[in-house]
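This is the structure, below, for whatever I ask next.
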Amino acid sequence: MSSKAHLGHHAKKRFGQNFLHNDAIISSIVDAINPEPNENLIEIGPGLGALTEPVIERAGKLSVVELDRDLAHRLRHHPFLAPHLTIYEIDALKFDFAELSSDEKPLRIFGNLPYNISTPLIFHLLTFKDKVQDMHFMLQKEVVERMAAGPDCKTYGRLSIMTQYQCQVIPVMEIGPEAFKPAPKVDSAIVRLIPHKEIANPVKDLNALNTVCLTAFNQRRKTIRNSFKKLISVEQLVSLGVDPTLRPENLSIDEYIKLANFIVDNPPELPEPKSKKRTAKKTQSD
């Protein structure tokens, strides 16, 4: 049988499918999630049910978001799982997770996320953080390291800042390629994200924080005096107590918040984009 086939299903590269098959690791992941009855549990990408089945055994019911129609069909007709599942056959990047939330039952989201969309999916899920109790995700180990990284580290960047500003980031465990079929070419890790109930140093506009992070880390080898020259002058950096000779990875989250708040209060005058000249196309009559 092909190394990409597991339990009769052929892994689809476009969906980034790698299926867990190590029982000991599956048990450890479910222990980390610690699902309980009457909780508002949502699994992203249940696949062949490696986590789905043991979670249902503990919790009794589960909502799942699955894009692959073949896998969604299998779940709908599964003799044990189907009666306990609510299946949403949709791209998780387009799903409104707020639809499943309530004040009494905040969301507990988990899943083995496709590595090819993990970062945009994390950013999408963070938009629902006020309705989330916690999230547990299997990700590429490098992504988890970036999420948890602090200043003065090569892996520290926009993902680190935007995630840590909104959540407590807790690496849980590392998992080798041999636990999956087909085996990925990278190591994996489980991360726990717990949204902050209160933020001690709130930014005035989250989009502004994202903007300064993008501006800084798009050219991370430059000093911030060069990275920010279209947003904040050297004199303004100095007035804010930020050393303009530092590189982006040397600034703390609080310093990025300070820069974001500054551009909210002092919007930069950016040049208007040049309009492209349009030339009339010749048409030939019939």
Self-check item: Heavy-atom pair with the smallest gap, counting every atom of Q164 and A148
Solution: NE2-C, 3.4 Å

Self-check item: Test item: T163 side-chain N/O and L159 main-chain N/O as donor-acceptor pair under 3.5 Å
Solution: yes

Quiz item: Under a 4.0 Å N-O cut-off, is there an ion pair linking D265 with K204?
Solution: yes

Self-check item: E53 (side chain) donor-acceptor with A50 (main chain) under 3.5 angstrom
Solution: no

Quiz item: Within a strict 4.5 Å, meaning less than it, do heavy atoms of the F110 and V55 side chains meet?
Solution: yes

Quiz item: Judged by atom type as modelled, is there a donor-acceptor pair below 3.5 Å linking the side chain of R108 to the main-chain atoms of I33?
Solution: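 Yes: the side chain of R108 pairs with the backbone of I33.
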
Quiz item: So, D134 side chain and L193 main chain: donor-acceptor pair closer than 3.5 Å or not?
Solution: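 Side chain of D134 to backbone of L193, a donor-acceptor pair under 3.5 Å: no, none is there.
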
Quiz prompt | R58/D31 ion pair, N-O < 4.0 Å | solution =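 So R58 pairs with D31 through a salt bridge.
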
Quiz item: Is a donor on one side and an acceptor on the other found under 3.5 Å between the side chain of N261 and the backbone of K258?
Solution: no

Exercise. For residues I253 and N201, determine if any side-chain heavy atom of one lies less than 4.5 Å from a side-chain heavy atom of the other.
Key: no

Exercise. Indicate yes or no for a side-chain donor-acceptor contact from Y256 to the backbone of M162 under 3.5 Å, with no hydrogens or angles considered.
Key: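 No; judged by distance alone, with no hydrogens or angles, the pair does not exist.
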
Quiz prompt | 4.5 Å side-chain heavy-atom contact, L259 and I224 | solution = no

Quiz item: Is it the case that more than 12 heavy atoms not belonging to H73 sit under 6.0 Å from its NE2 atom?
Solution: no

Quiz item: With no hydrogens and no angle check, is any side-chain donor or acceptor of E66 less than 3.5 Å from a backbone partner on D68?
Solution: yes

Quiz item: Which heavy atom of Y156 sits nearest a heavy atom of P248, and at what distance?
Solution: CE2-O, 4.2 Å

Under 3.5 Å, which donor-acceptor pairs do the side chains of residues 87-98 form with other protein atoms, sequence neighbours left out?
{"residue": "E89", "atom": "OE1", "partner": "R76", "partner atom": "NH1", "Å": "3.1"}
{"residue": "E89", "atom": "OE1", "partner": "R76", "partner atom": "NH2", "Å": "3.1"}
{"residue": "D91", "atom": "OD1", "partner": "L93", "partner atom": "N", "Å": "3.0"}
{"residue": "D96", "atom": "OD1", "partner": "A98", "partner atom": "N", "Å": "3.1"}

Exercise. Can you establish whether the number of heavy atoms outside K129 located under 6.0 Å from its atom NZ is more than 12?
Key: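 Yes, because the 6.0 Å sphere around NZ of K129 holds more than 12 heavy atoms from other groups.
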
Exercise. Answer whether the closest heavy-atom distance between the side chains of N250 and P151 falls below 4.5 Å.
Key: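 With C-beta onward as the side chain, the pair stays apart.
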
Quiz item: Is the cationic atom of R158 (NZ for Lys, CZ for Arg) positioned less than 6.0 Å from the six-membered ring centroid of F123 and within 45 degrees of its normal?
Solution: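 Because its charged atom sits under 6.0 Å from the ring centre and within 45° of the axis, R158 does stack over F123.
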
Practice problem: Indicate yes or no: at least one non-hydrogen side-chain atom of S63 is less than 4.5 angstrom from one of L41. | Solution: no

In residues 138-145, what donor-acceptor pairs under 3.5 Å come from side-chain atoms, sequence neighbours left out?
{"residue": "Q140", "atom": "NE2", "partner": "E142", "partner atom": "OE1", "Å": "3.3"}
{"residue": "K141", "atom": "NZ", "partner": "E174", "partner atom": "OE1", "Å": "3.4"}

Quiz item: Between the side chain of H84 and the main-chain N/O of G60, is any donor-acceptor distance below 3.5 Å?
Solution: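 Looks like yes, one N/O pair under 3.5 Å.
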
